[in-house]
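Since the structure comes first, as structure tokens, the remarks are kept for the end.
Only a predicted model underlies this, so the values are computations on that prediction, with no experimental measurement involved. Quick note on labels: first sequence line is chain A, next is B, and so on, each numbered from 1.
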2 protein chains.
Amino acid sequence: MRYKDETKEQAIREKAITMIVESGLDGLSMQRLAKAANVSPATLYIYFQDRDDLIVQLSVEENRRMMIATLENFDPDMSFAEGLRIQWLNRARFCLENPIASLFMEQIRHSPYHQRASELVGSEFHQTLGLFVRNNIARNELVSLPFEVYWSVAFSPLYQLVKFHVQGRSFPNRPAFQLTEPVILQALELVLKALKP
Amino acid sequence: MRYKDETKEQAIREKAITMIVESGLDGLSMQRLAKAANVSPATLYIYFQDRDDLIVQLSVEENRRMMIATLENFDPDMSFAEGLRIQWLNRARFCLENPIASLFMEQIRHSPYHQRASELVGSEFHQTLGLFVRNNIARNELVSLPFEVYWSVAFSPLYQLVKFHVQGRSFPNRPAFQLTEPVILQALELVLKALKP
DNA sequence: CATAAATAAACAAACGTTCATTTATTCGCG
DNA sequence: CGCGAATAAATGAACGTTTGTTTATTTATG
């Protein structure tokens with residue numbers, strides 16, 4: 001019998017993400033994707049149930065990669081400043097090294113696919129972060145807050161900076177924005193100041 | 001001669017936004033939109049050049065409404081704390097009163113339409129905010145920062161909280177999140193602490 | 001030779017858009 | 001005031017494409 005050609009599946013995944021980043025979710029057509037990945041349209045349906053399944057699978061996989069990268073060398077027992085620093089630098093590094101994956105995830109995160117995909121993602125990520133937060137509140141290294149308030153202050157500035165970077169610009173009539181490590185650390189300082197008791 | 005029926009255009013705009021929010025940008029089909037707005041498909045092309053033009057025009061208009069609401073009673077000569085408070089409360093109020101418009105803008109902002117639309121938006125908004133920032137740095141009420149760092153710390157936590165609210169939930173397995181005024185003010189306090197010298 | 005991957009060709013349905021026609025409204029004229 | 005001429009809004013039906021997906025067939029490999 002004949003085995004699946006894994007390079008084909010990889011080509012499909014990559015081209016699909018590129019198409020979505022370049023022309024939006026409605027720019028992803030199965031026939032154009034097949035052409036771009038050098039396979040027959042029917043081949044797509046060997047690897048994915050249908051168009052929706054393809055998009056959801058891509059989201060889950062890219063999300064997983066991002067989470068693993070974000071938690072590299074991270075430990076929920078770390079001090080708050082150290083733990084947040086590691087997460088910020090990990091996440092920024094991943095996004096800067098994978099700008100297309102990063103733009104793809106941004107697009108999914110604000111589409112109707114986000115909910116369906118996030119239900120299929122493992123809960124370890126959130127459990128680890130939840131433990132980290134509780135540890136630090138108990139140790140009085142972090143003010144006690146509703147989880148959503150904590151999350152929005154602790155992470156959304158980073159995500160916004162990353163978005164500015166991968167988009168190449170922040171606002172019209174502004175010069176191109178480059179997210180460098182000193183800039184990341186400068187923003188992180190502000191966030192730590194906000195969240196430390 | 002016969003004049004345009006403005007209720008028709010309004011119906012088209014509203015239904016289009018609803019469709020995009022409910023089923024994504026690729027869920028907006030001109031024929032289904034015509035049916036939903038009770039007009040002929042051809043009528044859409046009296047008010048809009050084509051599908052792209054429709055989406056861009058919707059973005060520009062909703063963006064304008066949002067900006068006007070955000071700057072109500074705002075003055076660039078205000079103290080930093082007072083000015084930021086007004087903007088936060090204005091923006092939150094608008095989004096909570098217009099959740100569909102808010103979800104629509106979130107979706108546009110992370111799609112390829114965002115750049116094209118933001119180039120068509122007046123620059124007064126950004127000029128006013130730029131003045132506000134410079135005033136407060138000069139008065140030593142605000143630390144001096146790259147504009148993108150300032151922006152991401154000052155506003156993205158609010159946008160994230162609003163998103164949690166209009167989505168109805170923040171993360172899987174978390175109870176529904178309601179953005180109330182005390183929560184907004186709690187987050188605002190943290191951000192002010194971060195940005196004050 | 002068995003088996004499953006991979007394909008080319010085709011399907012109906014839906015897509016964005018246009019065209020020939022009808023409908024409603026304003027306006028100059030009697 | 002009343003009425004046809006003028007004009008643009010509004011339409012239903014149709015255009016050729018492209019859509020997502022399937023089917024019958026071929027290809028490669030254990």
Atom [atom1] of [X] to atom [atom2] of [N]: distance rounded to whole Å?
X       : N      : atom1 : atom2 : answer
B:Asp5  : D:dT7  : CG    : C1'   : 17 Å
A:Leu54 : D:dG20 : CG    : P     : 10 Å
B:Tyr45 : D:dA9  : OH    : P     : 17 Å
A:Asp53 : D:dT21 : CG    : C1'   : 14 Å
B:Ile12 : D:dT11 : CD1   : P     : 9 Å
A:Leu25 : D:dG20 : CG    : P     : 12 Å
A:Gln10 : C:dA5  : CD    : C1'   : 18 Å
B:Phe48 : C:dT18 : CZ    : C1'   : 18 Å

pair B:Phe155-B:Leu84: side-chain heavy atoms closer than 4.5 Å | yes
If we only count heavy atoms from C-beta on, is the A:Asn63 to A:Phe125 side-chain gap below 4.5 Å?
-> no
Close N or O pairs between protein and nucleotides 27-29 of chain D (under 3.5 Å):
| residue | atom | partner | partner atom | Å |
| --- | --- | --- | --- | --- |
| D:dT27 | O2 | A:Arg2 | NH1 | 3.0 |
| D:dT29 | O2 | A:Met1 | N | 3.0 |
| D:dT29 | O2 | A:Met1 | O | 3.4 |

Per-nucleotide protein contact along nucleotides 7-15 of chain C, 5' to 3', at a 4.0 Å heavy-atom cut-off (B base, S sugar-phosphate only, - neither), is BB------B
Just jot down the side chain to side chain contact (heavy atoms under 4.5 Å, CB included) partners of A:Lys15, sequence neighbours excluded, or say none.
-> A:Leu33, A:Ala36, A:Ala37
B:Gln49: what forms a side chain to side chain contact (heavy atoms under 4.5 Å, CB included) with it, not counting sequence neighbours?
-> B:Asp53
Does any residue of residues 16-24 of chain B have a heavy atom under 4.0 Å from DNA chain C, and if so, which ones, in number order?
-> none
Partners of B:Phe94 by ring-ring contact (aromatic ring centres under 6.0 Å, His included), sequence neighbours excluded?
-> none
Is A:Ile100 atom CD1 crowded by more than 12 heavy atoms from other residues, nucleotides or ligands, each under 6.0 Å away?
-> no
side-chain hydrogen bond (donor to acceptor under 3.5 Å, both in side chains) contacts touching residues 95-109 of chain A (sequence neighbours left out) = A:Arg65-A:Asn98, A:Glu106-A:Arg109, A:Glu106-B:His110
Scan for side-chain hydrogen bond (donor to acceptor under 3.5 Å, both in side chains) pairs involving residues 187-196 of chain B, sequence neighbours excluded, and state none if there are none.
-> none
Contacts of B:Asp5 that satisfy salt bridge (charged side-chain N to carboxylate O under 4.0 Å, His left out) - sequence neighbours left out | none
Do the side chain of A:Ser118 and the main chain of A:Gln115 share a donor and acceptor less than 3.5 angstrom apart?
-> yes
Flag, side chain of B:Asn135 to backbone of B:Pro76, donor-acceptor distance under 3.5 Å | yes
Do the side-chain N or O atoms of A:Tyr47 get closer than 4.0 angstrom to the phosphate oxygens (OP1, OP2) of C:dA5?
-> no
Under 3.5 Å, side-chain donor or acceptor atoms of residues 141-151 of chain A against the rest of the protein: list the pairs with distances, not counting sequence neighbours.
| residue | atom | partner | partner atom | Å |
| --- | --- | --- | --- | --- |
| A:Glu141 | OE1 | A:Phe80 | N | 3.1 |
| A:Glu141 | OE2 | A:Arg139 | NH1 | 2.8 |
| A:Glu148 | OE1 | B:Arg174 | NH1 | 3.3 |
| A:Glu148 | OE2 | B:Ser170 | OG | 2.6 |
| A:Glu148 | OE2 | B:Arg174 | NH1 | 3.2 |

Between the axis at one end of the helix from C:dC1-D:dG30 to C:dG30-D:dC1 and the axis at the other (five pairs apiece), what's the angle to 10 degrees?
-> 10°
Distance-only criterion, 3.5 Å: show the donor-acceptor pairs between side-chain atoms of residues 22-31 of chain A and protein atoms not counting sequence neighbours.
| residue | atom | partner | partner atom | Å |
| --- | --- | --- | --- | --- |
| A:Ser23 | OG | A:Met19 | O | 3.0 |
| A:Asp26 | OD2 | B:Arg51 | NH1 | 3.3 |
| A:Asp26 | OD2 | B:Arg51 | NH2 | 3.4 |
| A:Ser29 | OG | A:Gln31 | N | 3.4 |
| A:Ser29 | OG | A:Arg32 | N | 3.0 |

Taking all non-hydrogen atoms of both residues into account, name the closest pair between B:Thr128 and B:Phe74 and its distance.
-> CG2-CE2, 3.7 Å
